[in-house]
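Encoded as structure tokens, the structure appears first; notes follow it.
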Amino acid sequence: MALRVYDVMRREVVELRPREPGRVGMYVCGPTVYGPVHIGNARTLVWFDMIRRYLRYRGFDVTYVMNYTDVDDKIIDRARIEGTEPDVVAKRYAAMFERDMAALGAQPPDILVRATDHIPDMIGAIRGLIDAGLAYRADGDVFFAVERFPDYGKLSRRSLDEMRAGERVDPHPGKRHPLDFALWKAAKPGEPAWDSPWGPGRPGWHIECSVMSTKYLGMGFDIHGGAGDLIFPHHENEIAQAEGLAGHGPFVRYWLHAGLVQMAGEKMSKSVGNIVSAGDVVAAWGGEVARYWALSASYRTQVVFSEDALTDARAALERWRTFAAAAGRALGAPVAPRPGLVRPPGTEGRGYPARFVAAMDDDFNSAGAFATIHELVRTGNRLLEPAERGDATARDELGSLADDFAELTGLLGFRLEAPEASSGLVAGLVELLLRLREEARASRDFGRADAIRSGLGELGVVVEDTPSGPRWHLSGGPED
RNA sequence: GGCGGCGUGGCCGAGUGGUUCAGGCAAGGGCCUGCAAAGCCCUCUACUGCGGUUCGAUUCCGCACGCCGCCUCCA
């Protein structure tokens, strides 16, 4: 069974057939580093991290390129507000982004590219577009002439005429067509600027992605990703630039777009004032809960961000954690997610991993994949008791399930670590209290025993009584 | 107005032309437990509406209604 993806250009699910068998080049539009990334942005990038991991798991040699837009009007504005330089702003928020993404379990891209490191490449591309008659100068600006690129609109499926009908006010004075977009922007005084044949200035937003993606992956690379709101105009413009410059297509073989995050049924936007930063979510819920939330629905669906959704995610994740701990005890060896596995070809036929793969092969159907793990966990939980009792068959089956569990949860990028006691002192005090509680229980002083248990509970220590004595652990994540 | 997506049981969210079932959360009952917790078992008669195709549609087609996104910087 082949891996199938929904290609936005074709608007259908198609088999992924890379340009070069076994190798996948993917480029994903990263953040503009002018402020903390919000949870929607983070969800998209967590998802592409997941897609990259899954492609690796399926044996593809993946090269994952992501960019930072580190020169941009918003960065300049931000620097002005803070009374500092744009590059200081860009570096600070890039570092914050990397911290947030690490907390969310996203691995760094293989190649991280910054717009400011590629100005000469962009200037070269712009010059080429002018030479090809696809761009023109207007004072110190350079614009792409959309009317000169016949395929303009093919990704977003709209024609220039249609767009003209819905056109809004305020066309830029130098533009020949309202939808012409800037390749190069003349610098105003005090703005960061690079020398160019058209005078000092900076590149437009769209050109960086065309130039950097093809520089590192070549024309006609496999997967280009981003969130759905980039389809128009950003990705449309990337196509126009890259294919216009090359004189042929395709720029990209498969276009993948993530659904946008909604806040309580409405769009998350600055104007509505309902932006939630990824850092805040990580701080409040923990990165792993946020990752579960992000990945538990298909990347293409619009998801609603809410407390309830995060609460559900935390509960589900807790179930996995509990199983990992219990299976580890029953087997006498830790059960922990194992990242970085590659599933050899021909092993798709059996068991839970097979069902997992079948789901993920269908355009990364993570909901189906997660359901498979939940079913594995239930099966495993049923085996716990007989395995602990010494039933060899149950033990073997449980061991096999635990292996699968470790493989799949590792693939998903989870760690499932129980929170550790902050010190040996804490652990010692808890143990001491539990011994006192056992004495109380032995003398049937349940009032005292329950008081100790509930008191510990309020401090975040969960106590469970088992046939083999009490067991304790710290409660899940933040906000517990 | 143009383009696109979606409407599944209390909530979230997969999936399928027909005989058993997604999964999670929540709720109720049971087992276990001194009581809990965790876990397990059971229950909670789902597919927006109306037509059409079909032996049979939640699943295909049409229409209607509703919701959402993009069309301007936007992840």
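Residue numbering restarts at 1 for every chain, and letters A, B, ... go by the order of the sequence lines. Because the structure is predicted, anything quoted here is derived from the model rather than measured.
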* Is any side-chain heavy atom of A:Met50 less than 4.5 Å from a side-chain heavy atom of A:Leu55? -> no
Taking atom types as they are modelled, would you say the side chain of A:Asp450 forms a donor-acceptor pair with the base of B:G34 within the 3.5 Å cutoff? yes
A:Asp363 CG to B:G15 C1', in whole Å, measures 14 Å
Look at A:Asn365 and B:G15 and indicate whether a side-chain polar atom (N or O) is within less than 4.0 Å of OP1 or OP2.
yes
If you look at every strand shown and take non-hydrogen atoms under 4.0 Å, does A:Phe232 touch a base, only sugar-phosphate, or nothing?
sugar-phosphate
Requested in this report: Report yes if at least one side-chain N or O of A:Gln302 is closer than 4.0 Å to OP1 or OP2 of B:G5; otherwise report no.
Outcome: no
Worksheet item: Are A:Arg441 and A:Phe446 in a cation-pi contact, defined as NZ or CZ under 6.0 Å from the six-membered ring centre and within 45° of the axis?
Response: no
Discussion item. Quick check: any donor-acceptor pair below 3.5 Å linking the side-chain of A:His374 to the base of B:A22?
Written reply: no
(request) Select base, sugar-phosphate, or nothing to describe what A:Gly228 touches, counting heavy atoms under 4.0 Å on all strands. (result) nothing
So what does A:Ser156 touch, heavy atoms closer than 4.0 Å: a base, only the sugar-phosphate, or nothing? sugar-phosphate
The ring pair (Phe, Tyr, Trp, His ring centres under 6.0 Å) partner of A:His224 among A:Tyr254, A:Phe48, A:Tyr64, A:Trp255 is A:Trp255
Check your understanding: What nucleic acid atoms does A:Leu260 come within less than 4.0 Å of, heavy atoms only: base, sugar-phosphate, or nothing?
Key -> base
Whole-Å distance, A:Asp312 CG to B:A27 P, equals 11 Å
Considering only heavy side-chain atoms of A:Arg444, the closest of B:A75, B:G34, B:C73 is B:G34
- Cation-pi between A:Arg176 and A:Phe143: NZ/CZ under 6.0 Å from ring centre and within 45° of the ring axis? no
### Task
Please determine if a side-chain N or O atom of A:Arg319 lies less than 4.0 Å away from the OP1 or OP2 oxygen of B:G39.
yes
A:Arg202 atom CZ is separated from B:C73 atom P, nearest whole Å, by 14 Å
* Counting any heavy atom closer than 4.0 Å, what does A:Arg437 reach on the DNA or RNA strands: base, sugar-phosphate only, or nothing? -> base
Paired to B:A27 by Watson-Crick or G-U wobble criteria (both distances under 3.5 Å) is B:U43
NA contact type, A:Ser298, heavy-atom cut-off 4.0 Å: base, sugar-phosphate, or nothing? sugar-phosphate
* Using a 4.0 Å heavy-atom cut-off across all strands, classify A:Arg441 as base, sugar-phosphate, or nothing. => base
Partner of B:A36 under the Watson-Crick or G-U wobble criteria, both distances under 3.5 Å, comes out as none
Among the nucleotides B:U72, B:A75, B:A22, whichever has the atom closest to the side chain of A:Leu179 is B:U72
Donor-acceptor pair, side chain of A:Asn365 and main chain of A:Met360, under 3.5 angstrom:
no
Original post:
Between B:C21 and B:C35, how far is it from one C1' atom to the other, in whole Å?
Top reply: 35 Å
Under 4.0 Å between any heavy atoms, over every strand shown, what does A:Ala309 touch: base, sugar-phosphate, or nothing? Just pick one.
nothing
Check your understanding: Between the side-chain atoms of A:Asp308 and the base atoms of B:C25, is any donor-acceptor pair under 3.5 Å?
Key -> no
A:Arg382 atom CZ is separated from B:A38 atom P, nearest whole Å, by 18 Å
Applying the 3.5 Å cut-off to both distances, the Watson-Crick or G-U partner of B:C50 turns out to be B:G62
Regarding A:Asp73, tell me which of base, sugar-phosphate or nothing describes its non-hydrogen contacts under 4.0 Å with the strands shown. nothing
Sugar-phosphate, base or nothing in reach of A:Val463, heavy atoms under 4.0 Å: base
With the side chain defined as heavy atoms from C-beta on, A:Glu464 is closest, among B:C73, B:A38, B:A75, to B:A38
Taking a pair to mean Watson-Crick or G-U wobble geometry with both distances below 3.5 Å, B:G56 pairs with none
**Request:** Quick one: label A:His38 by what it contacts on the DNA or RNA (base, sugar-phosphate, nothing), any heavy atom closer than 4.0 Å.
**Result:** base
At less than 3.5 Å, do the side-chain atoms of A:Arg158 and the base atoms of B:G4 form a donor-acceptor pair?
no
Need one value for A:Glu375: base, sugar-phosphate or nothing, where a base atom within 4.0 Å counts as base even if backbone is also close, heavy atoms only.
sugar-phosphate
- Message: Using a 4.0 Å heavy-atom cut-off, does A:Thr301 contact any base of the nucleic acid, only the sugar-phosphate backbone, or nothing at all?
- Response: sugar-phosphate
Item to complete: Check the angle between the aromatic planes of A:His234 and A:His206 and answer parallel, tilted or perpendicular using the 30° and 60° thresholds.
Response: tilted
Query - Heavy atoms of other groups near A:Arg448 CZ, more than 12 under 6.0 Å - result: no
Ignoring hydrogens and geometry beyond distance, is the side chain of A:Arg378 in donor-acceptor contact with the base of B:C40 at under 3.5 Å?
no
- Message: Check whether A:Asp141 reaches the backbone of A:Ala186 with its side chain - one donor and one acceptor, N or O, closer than 3.5 Å.
- Response: yes
B:C3 -> Watson-Crick or G-U wobble partner, both distances under 3.5 Å, gives B:G69
